Amino acid sequence: MSGQYPPGRILTLDGVNAEHGVSRSVAREAIRVLESMGMVESRRRVGITVQPAEKWNVFDPMLIRWRLDVGDRTALLVSLSELRLGFEPAAAALAARRATPHQCRVMASAVSDMVVHGRSGDLDAYLLADKMFHQTLLAASGNEMFRALTGVVDEVLTGRTQHGMMPEKPNIAAIALHDEVARAIRMGEDKQAEQAMRAIIDEAATAVVEEFPSAP
């Protein structure tokens, strides 16, 4: 992530062992994980080759977390917001047609918790409620592809909070939009659910850009 190992750099297990002071089995497992993310490629008689970013599995939640740790957070969050615009409003519309009564109750409860924790400024508790809302919404869509993107949304919400990119007290208007989505889903109003979800993502992206401009 940091560029310490540039694309094309050849590593070996023995080299990793020596540099990081870990056993060969630990080094092998680490390389296996990085290979599953597309970050390295391991070949016999060649070694472990660091891959360019274009080959990385950018949807991997752990990869998103690492990129938020060391990269241009604002640019990455904007990129992820553009991705979310491609699926969360559609998921909200589907949820308005498919959500179970239990899922509707969970989303309503999550919004209530967001109101309480937003007022108190307990951002960690707010984050848990926010994540529960979006996790339930994606599951309520009834689409396994959307549900599989839960980890992506979780990392966006978590990263914004953990890196101090949330206001001390969450925007009341943003909480109201979550309530609007929950109500629209409960009432079976797919268009309204889609529009309100789009507004949630736009609000978050705009707030991040205005408060934390990308580095030139």
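Everything numeric in this text was worked out from a predicted model, so none of it was measured.
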Using the ring-ring contact (aromatic ring centres under 6.0 Å, His included) criterion, which residues pair with His178? Sequence neighbours excluded.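 Per chain and number, His178 pairs via ring-ring contact (aromatic ring centres under 6.0 Å, His included) with Phe133, His134.
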
Enclosure of [X] [atom1] (heavy-atom neighbours >12, cutoff 6.0 Å):
{"X": "Arg73", "atom1": "CZ", "result": "yes"}
{"X": "His102", "atom1": "NE2", "result": "no"}
{"X": "Tyr5", "atom1": "OH", "result": "yes"}

Could you check whether Arg147 pairs with Glu144 (Lys NZ or Arg NE/NH1/NH2 to Asp/Glu carboxylate O, under 4.0 Å)?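 Answer for the salt bridge query: no.
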
Spell out, yes or no, whether [X] and [Y] are grouped together once hydrophobic residues are joined by side-chain heavy atoms under 4.5 Å, including indirect joins.
{"X": "Ile201", "Y": "Met107", "answer": "yes"}
{"X": "Leu63", "Y": "Val50", "answer": "yes"}
{"X": "Trp66", "Y": "Leu157", "answer": "no"}
{"X": "Leu77", "Y": "Trp56", "answer": "no"}
{"X": "Leu80", "Y": "Phe212", "answer": "yes"}

Could you give the distance from [atom1] ([X]) to [atom2] ([Y]), rounded to the nearest 0.5 Å?
{"X": "Asp154", "Y": "Leu149", "atom1": "CG", "atom2": "CG", "answer": "11.0 Å"}
{"X": "Leu123", "Y": "Gln162", "atom1": "CG", "atom2": "CD", "answer": "11.5 Å"}
{"X": "Glu41", "Y": "Lys55", "atom1": "CD", "atom2": "NZ", "answer": "6.0 Å"}
{"X": "Glu155", "Y": "Arg65", "atom1": "CD", "atom2": "CZ", "answer": "4.0 Å"}
{"X": "Thr100", "Y": "Arg105", "atom1": "OG1", "atom2": "CZ", "answer": "7.5 Å"}
{"X": "Leu128", "Y": "Gln135", "atom1": "CG", "atom2": "CD", "answer": "9.0 Å"}

Quickly, which of Asp69, Thr158, Thr74 forms a side chain to side chain donor-acceptor pair (under 3.5 Å) with His163? Name it, please.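 Of the listed options, the one satisfying the test is Asp69.
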
Side-chain cluster (under 4.5 Å, hydrophobic types only) that Ile172 belongs to, other residues: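 When side chains under 4.5 Å apart are linked, Ile172 ends up in no cluster with other residues.
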
How close do [X] and [Y] get, counting heavy atoms only, and between which atoms?
{"X": "Ser36", "Y": "Val33", "result": "OG-O, 2.6 Å"}
{"X": "Ala92", "Y": "Ile185", "result": "O-CG1, 3.9 Å"}
{"X": "Glu203", "Y": "Asn171", "result": "OE2-ND2, 3.1 Å"}
{"X": "Ile64", "Y": "Phe59", "result": "CD1-O, 4.1 Å"}
{"X": "Val181", "Y": "Ala196", "result": "CG2-CB, 3.4 Å"}
{"X": "Gln51", "Y": "Thr49", "result": "NE2-O, 3.2 Å"}

If only atom types and distance count, is the side chain of [X] paired as donor or acceptor with the main-chain N or O of [Y] below 3.5 Å?
{"X": "Arg98", "Y": "Ser141", "result": "yes"}
{"X": "Thr136", "Y": "Met132", "result": "yes"}
{"X": "Lys169", "Y": "Arg119", "result": "yes"}

Just so I know, are the side chains of [X] and [Y] near enough to count as touching, which here means a heavy-atom distance under 4.5 Å?
{"X": "Arg97", "Y": "Leu94", "answer": "yes"}
{"X": "Thr161", "Y": "Tyr126", "answer": "no"}
{"X": "Val116", "Y": "Ser112", "answer": "no"}

Stepwise side chain to side chain contact (heavy atoms under 4.5 Å, CB included) check, Val156 with Leu68: CA-CA 9 Å; Val156 172; Leu68 286 171; over 6 Å; no

Are Met1 and Arg67 close enough, and set up right, to give a side chain to side chain contact (heavy atoms under 4.5 Å, CB included), and what steps lead you there? CA-CA 7 Å; Met1 287 298 167; Arg67 292 181 71 189; 3.4 Å; yes

Begin from the C-alpha positions of Leu137 and Met197 and carry the test side chain to side chain contact (heavy atoms under 4.5 Å, CB included) through to its verdict. CA-CA 10 Å; Leu137 182 145; Met197 178 54 67; 3.4 Å; yes

Output, in order, the C-alpha distance, side-chain angles, deciding distance and verdict of side chain to side chain contact (heavy atoms under 4.5 Å, CB included) for Ile48 and Glu35. CA-CA 9 Å; Ile48 302 153; Glu35 193 166 19; over 6 Å; no

